[in-house]
Amino acid sequence: MIHIGTVPKNPDLSSIRIIADFVKKLGPEDYMILKTLASALTHRQSLTKQQIVNYSKLHEDIVDFRLRALRNSNLVSKHDHDFAILRAGLDTMVLKLLADKNVVGGIGKPIGLGKESDVYEAMKDEMKLAVKFYRIGRISFRGTTKKRSFSFRQEDNSHHWLLVSMNGAKKEVEILQRLMKSGVSVPKPLYRAMHCVVMKRINGIPLANLLNVNDPPVLFNEIMRNVRMAYKNNIIHSDLSEYNILIGQSGEPHIIDWPQAVSTNHPNAKLLITRDVVNIVNYFNRKFHLAQTVADGMELVLNS
Ligand SMILES: Nc1ncnc2c1ncn2[C@@H]1O[C@H](COP(=O)(O)OP(=O)(O)O)[C@@H](O)[C@H]1O
Ligand SMILES: [Mg+2]
């Protein structure tokens, strides 16, 4: 019996590194089945075995055999007669795709494991990359002891959340491309595959982790200038905070994490841009003892 290993059900253990090992053991038929199920996912569908046979053009016996192994490995689920790809299955498929297309040379250490994404460092030739896997809607067990009445796997792997993550990835790439064109300091997106975005890695530290900066008023103005450029291009970040601003080697800010951005035509646009400005004003006043007012900040963003 083929056995390609098993992804642990515990989400914190099913890290990309485990998945990366997995990819090496994946046969071409396994990959074909995962790809078939992943493309069904984008149409909100699960597939019967017969559909998998039809779409993948693999022999029925092979599909049968491989599906059993993929299910044993927690890459694919079965409900009644329907098969669906699980989160670990989608991760596996994407990692293989990134390797096959030579987008990344290999996945390195985690650089940001958050509630909404897992970000890993990677290299491609000499270029430093950040690989962001979206986990939108994941129930975070990190730092919470709250008991839930449903099981993790059910919730984490539901089609709905995988699709939301894919759409988040798609949206962030589109927004980053637009922002880059208008001169906003953001990481350059290089490639998207399903729920994963590969971008240039910023050699920087989150503003939240810096004890002091060279010239706080200059940095404040520079952040506001970037927020303004985005705003002039009809984009409001909507989750701006000291955690989503990385400070580079020359002290320059880079604004990251845009999947929840909204347009300036959004019904709550005024509220959201004000909240972004308030977050930064409050942070600078608290941490660096500035005396900025929200009105000053809004003036810089809207009217300067
Ligand atoms: N392009 C990048 N370069 C360097 N580090 C990054 C990059 N993108 C994300 N990170 C790191 O990963 C963390 C999480 O990424 P982020 O886009 O903010 O997603 P989340 O929604 O999980 O907060 C960030 O706080 C940052 O430390
Ligand atoms: Mg973030």
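Counting convention: from 1, in listed order, for ligands and their atoms alike.
Take a cut-off of 2.8 Å around the Mg ion (ligand 2): the protein N, O or S atoms inside it are N244 OD1, D257 OD2.
Here K49 pairs with E60 in a salt bridge; the nearest charged N to carboxylate O distance falls below 4.0 Å. The residues E174 and K171 are annotated as not salt-bridged, no charged nitrogen and carboxylate oxygen being separated by less than 4.0 angstrom. Here E121 does not pair with K128 in a salt bridge; the nearest charged N to carboxylate O distance is not below 4.0 Å. Between K287 and E242 there is no salt bridge, since none of the side-chain N atoms of the basic residue sits less than 4.0 Å from a carboxylate O of the acidic one.
The shortest contact between atom 10 (N) of ligand 1 and any protein heavy atom is with V119 CG1, 4.0 Å. Among all protein heavy atoms, the one lying closest to atom 6 (C) of ligand 1 is L246 CD1, 4.0 Å. Annotation: atom 7 (C) of ligand 1 to nearest protein heavy atom, A130 CB, 4.0 Å. Atom 25 (O) of ligand 1 has as its closest protein heavy atom Y243 O, 3.8 Å. When hydrogens are left out, the protein atom nearest atom 22 (O) of ligand 1 is S117 OG, 2.7 Å; that is the closest non-hydrogen contact. Among all non-hydrogen protein atoms, the one lying nearest atom 20 (P) of ligand 1 is D257 OD2, 3.3 Å. Residue, atom and distance of the protein heavy atom nearest to atom 24 (C) of ligand 1 are I256 CD1, 3.5 Å. Among protein heavy atoms, the minimum distance from atom 8 (N) of ligand 1 is reached at M199 CE, 3.9 Å.
Below 4.0 Å from some heavy atom of K132 lie the following atoms of ligand 1, by number and element: 16 (P), 17 (O), 19 (O). Near E116, meaning under 4.0 Å from any of its heavy atoms, are these atoms of ligand 1: 21 (O), 22 (O). When each atom of ligand 1 is checked for a heavy atom of K200 under 4.0 Å away, the hits are 1 (N), 2 (C). Residue-ligand proximity, P187 to ligand 1, at heavy-atom distances under 4.0 Å covers atoms 1 (N). The R201 neighbourhood of ligand 1 comprises atoms 3 (N), 4 (C), with distances under 4.0 Å to a heavy atom of that residue. Of all atoms in ligand 1, numbered sequentially from 1 with element shown, those under 4.0 Å from a heavy atom of I111 are 5 (N), 27 (O). Within ligand 1, counting atoms from 1 as listed, the ones closer than 4.0 Å to a heavy atom of G112 are 12 (O), 13 (C).
Of the N or O atoms in I202, one or more lie within a sub-3.5 Å distance of an N or O in ligand 1. At least one N or O atom of N244 sits closer than 3.5 Å to an N or O atom of ligand 1.
Partner K96 forms a side chain to side chain contact (heavy atoms under 4.5 Å, CB included) with one of V23, L34, D30 and no other, that one being V23.
Taking CG from D296 and CZ from F220, the interatomic distance works out to 7.0 Å, rounded to the nearest 0.5 Å.
Put simply, the side chain of V198 does not reach to within 4.5 Å of the side chain of R192, judged on heavy atoms. Two residues are said to be in side-chain contact when any heavy atoms from C-beta on lie closer than 4.5 Å; S185 and I255 fail this criterion. Contact of the N167 side chain with the I136 side chain is not registered, since no non-hydrogen atoms from C-beta on lie closer than 4.5 Å.
Counting non-hydrogen atoms of neighbouring residues, nucleotides and ligands closer than 6.0 angstrom, the CD1 atom of I205 reaches no more than 12 such neighbours. Remark: K124 NZ is packed, more than 12 non-hydrogen atoms of other residues, nucleotides or ligands lying under 6.0 Å away.
Applying the side chain to side chain contact (heavy atoms under 4.5 Å, CB included) rule to I62 yields the partners E29, H59, R66; only residues at least two apart in sequence or on another chain are considered.
Note on ring orientation: taking the six-membered ring where Trp is involved, the planes of Y120 and F133 are perpendicular (angle over 60°, cut-offs 30° and 60°).
The main-chain N or O of L113 is never found under 3.5 Å from a side-chain atom of S117 such that the two would form a donor-acceptor pair.
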